[in-house]
Amino acid sequence: MGEEDTVNADQNSFAGGEEDSLLRNRHTSPLPPPPQQLSSKVLTLPTVLTLGRVAAVPILVATFYVDCWWGRTATTSIFIAAAITDWLDGYIARKMRLGSAFGAFLDPVADKLMVAATLILLCTKPMDAVLLGPVPWLVTVPSIAIIGREITMSAVREWAASQNGKLSEAVAVNSLGKWKTATQMIALTILLASRDSSFARLLPSGIGLLYVSAGLSIWSLVVYMRKIWRVLLKK
């Protein structure tokens, strides 16, 4: 073989190798995007909003016992603002990539403090049912279910975090938990607003939604426990 033939063979080999490389790259699936990095800052904007919800709890308690129109209005407004910031801080953290470990810890704590405080406050003043009159247990029963579920899930998630990753995945927030939170926030807003005589007709719908939220709370707890049990059986 002459020198020219050798050069041509080398060029053909190089071209063939390059073509094969291009074909392999074309059929190779793209690399997954890197995981979102948590911000190293402690006081990000979402965290400040979450701290605002925690600070609003004693103000909510104080205004609840102000027996006049502006006290009732202030209590309802504070709770609505807390519900809005609960959604807003998560949205900002995702869109602006401002999530932090401290914020991830504090957010559910702020939610539970606000909801538990509101439920306990409503239990201290029995609601007047349309047909039954004052019923002390009307709000107390679903409140025990909701608060009990939150305490149980907090303990379960803390335990799951100390175990393997599959248990943590089993207790990750799902769509059922989101529906529970949504009905809970709407129900409590209606119940707080119905303390004003102008919105008293909304009381039955608020009570009904609170019982729906309590049912979803228990249902979601059962779902989480079943997932955990399946993971433990596979060990």
Side-chain angles (χ1 to χ4, degrees), residues 46 48-91 106-154 176-221:
V48 171
L49 292 174
T50 304
L51 287 171
R53 292 207 306 279
V54 175
V57 172
I59 303 175
L60 179 85
V61 175
T63 57
F64 184 86
Y65 290 105
V66 176
D67 194 14
C68 65
W69 69 269
W70 69 263
R72 292 185 287 270
T73 302
T75 304
T76 307
S77 300
I78 290 170
F79 188 83
I80 292 174
I84 292 173
T85 56
D86 181 26
W87 168 83
L88 186 61
D89 59 9
Y91 177 81
L106 189 63
D107 183 69
V109 173
D111 297 342
K112 289 172 176 58
L113 282 175
M114 181 62 69
V115 169
T118 304
L119 287 170
I120 293 171
L121 289 172
L122 290 171
C123 289
T124 63
K125 292 188 176 182
M127 298 289 179
D128 290 334
V130 177
L131 298 177
L132 302 177
V135 182
W137 52 264
L138 197 60
V139 177
T140 305
V141 171
S143 296
I144 292 173
I146 292 171
I147 295 175
R149 183 265 186 194
E150 296 300 335
I151 293 173
T152 303
M153 280 308 303
S154 295
L176 186 59
K178 294 178 181 179
W179 278 106
K180 180 267 301 180
T181 301
T183 55
Q184 194 171 270
M185 293 299 185
I186 296 172
L188 293 178
T189 300
I190 293 174
L191 290 176
L192 289 173
S194 63
R195 295 170 61 237
D196 192 314
S197 58
S198 303
F199 301 99
R201 62 184 180 276
L202 297 176
L203 179 60
S205 60
I207 294 293
L209 278 175
L210 188 64
Y211 275 85
V212 170
S213 176
L216 290 174
S217 297
I218 301 301
W219 184 12
S220 64
L221 179 62

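Reckoned from all heavy atoms, side chains included, excluding hydrogens, waters and symmetry mates. We're numbering straight along the sequence, starting at 1.
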Original post:
Would you say the side chain of R53 lies within less than 4.5 Å of the side chain of D111, judging by non-hydrogen atoms?
Top reply: yes

**OP:** Could you walk me through whether V109 and V54 pass side-chain contact (heavy atoms from CB on, under 4.5 Å), step by step?
**Re:** CA-CA 8 Å; V109 173; V54 175; 5.7 Å; no

Subject >> Smallest separation among heavy atoms of P142 and L138, with atom names >> reply: CD-O, 3.4 Å

**OP:** For residues T50 and T85, determine if any side-chain heavy atom of one lies less than 4.5 Å from a side-chain heavy atom of the other.
**Re:** no

**OP:** Please examine the side chains of W219 and K180, heavy atoms only from C-beta on, and report whether any two atoms are closer than 4.5 Å.
**Re:** no

**OP:** Tell me, with the steps shown, if I80 and M185 meet side-chain contact (heavy atoms from CB on, under 4.5 Å).
**Re:** CA-CA 8 Å; I80 292 174; M185 293 299 185; over 6 Å; no

Original post:
If we only count heavy atoms from C-beta on, is the I147 to V115 side-chain gap below 4.5 Å?
Top reply: no

Original post:
Rounded to the nearest 0.5 Å, how far does CG of L113 lie from CG of L106?
Top reply: 8.5 Å

Original post:
Atom CG in D86, atom CG in D107: separation rounded to 0.5 Å?
Top reply: 5.5 Å

Original post:
Quick one: CE on M114 to CG on L60, what's the gap to the nearest 0.5 Å?
Top reply: 5.5 Å

Subject >> Flag if over 12 foreign heavy atoms under 6.0 Å of OH, Y211 >> reply: yes

Subject >> Modelled atom types, side-chain donor and acceptor of R149 and S220, under 3.5 Å >> reply: yes

Subject >> Atom pair CG/CG of L188 and L192 - distance to nearest 0.5 Å >> reply: 6.5 Å

Original post:
Quick one: are F64 and T124 in side-chain contact, heavy atoms under 4.5 Å?
Top reply: yes

Subject >> Any side-chain heavy-atom pair of L119 and L210 under 4.5 Å >> reply: yes

Original post:
By salt bridge (Lys or Arg N to Asp or Glu O under 4.0 Å), which residues pair with R72, not counting sequence neighbours?
Top reply: D67

Original post:
Under the side-chain contact (heavy atoms from CB on, under 4.5 Å) criterion, do I190 and S205 qualify, and how do the steps go?
Top reply: CA-CA 8 Å; I190 293 174; S205 60; 4.0 Å; yes

Original post:
Taking all atoms of both residues into account, what is the closest heavy-atom pair of A187 and G206, and its distance?
Top reply: CB-O, 3.7 Å

Subject >> OG1 on T183 to CG on L216, rounded to 0.5 Å >> reply: 5.0 Å

Original post:
Counting distance only, does the side-chain N/O of T140 pair as donor-acceptor with the main-chain N or O of W137 below 3.5 Å?
Top reply: no

Original post:
To the nearest 0.5 Å, how far apart are CG in L202 and CD1 in I207?
Top reply: 12.0 Å

Subject >> Minimal non-hydrogen separation, V57 against A117, with atom names >> reply: CG1-CB, 3.9 Å

Original post:
Under 3.5 Å, is there a donor-acceptor pair between the side chain of S143 and the main chain of V139?
Top reply: yes

Original post:
With no hydrogens and no angle check, is any side-chain donor or acceptor of S194 less than 3.5 Å from a backbone partner on L203?
Top reply: no

**OP:** Quick one: list whatever passes side-chain contact (heavy atoms from CB on, under 4.5 Å) with K112, sequence neighbours left out.
**Re:** P108, E150, S154

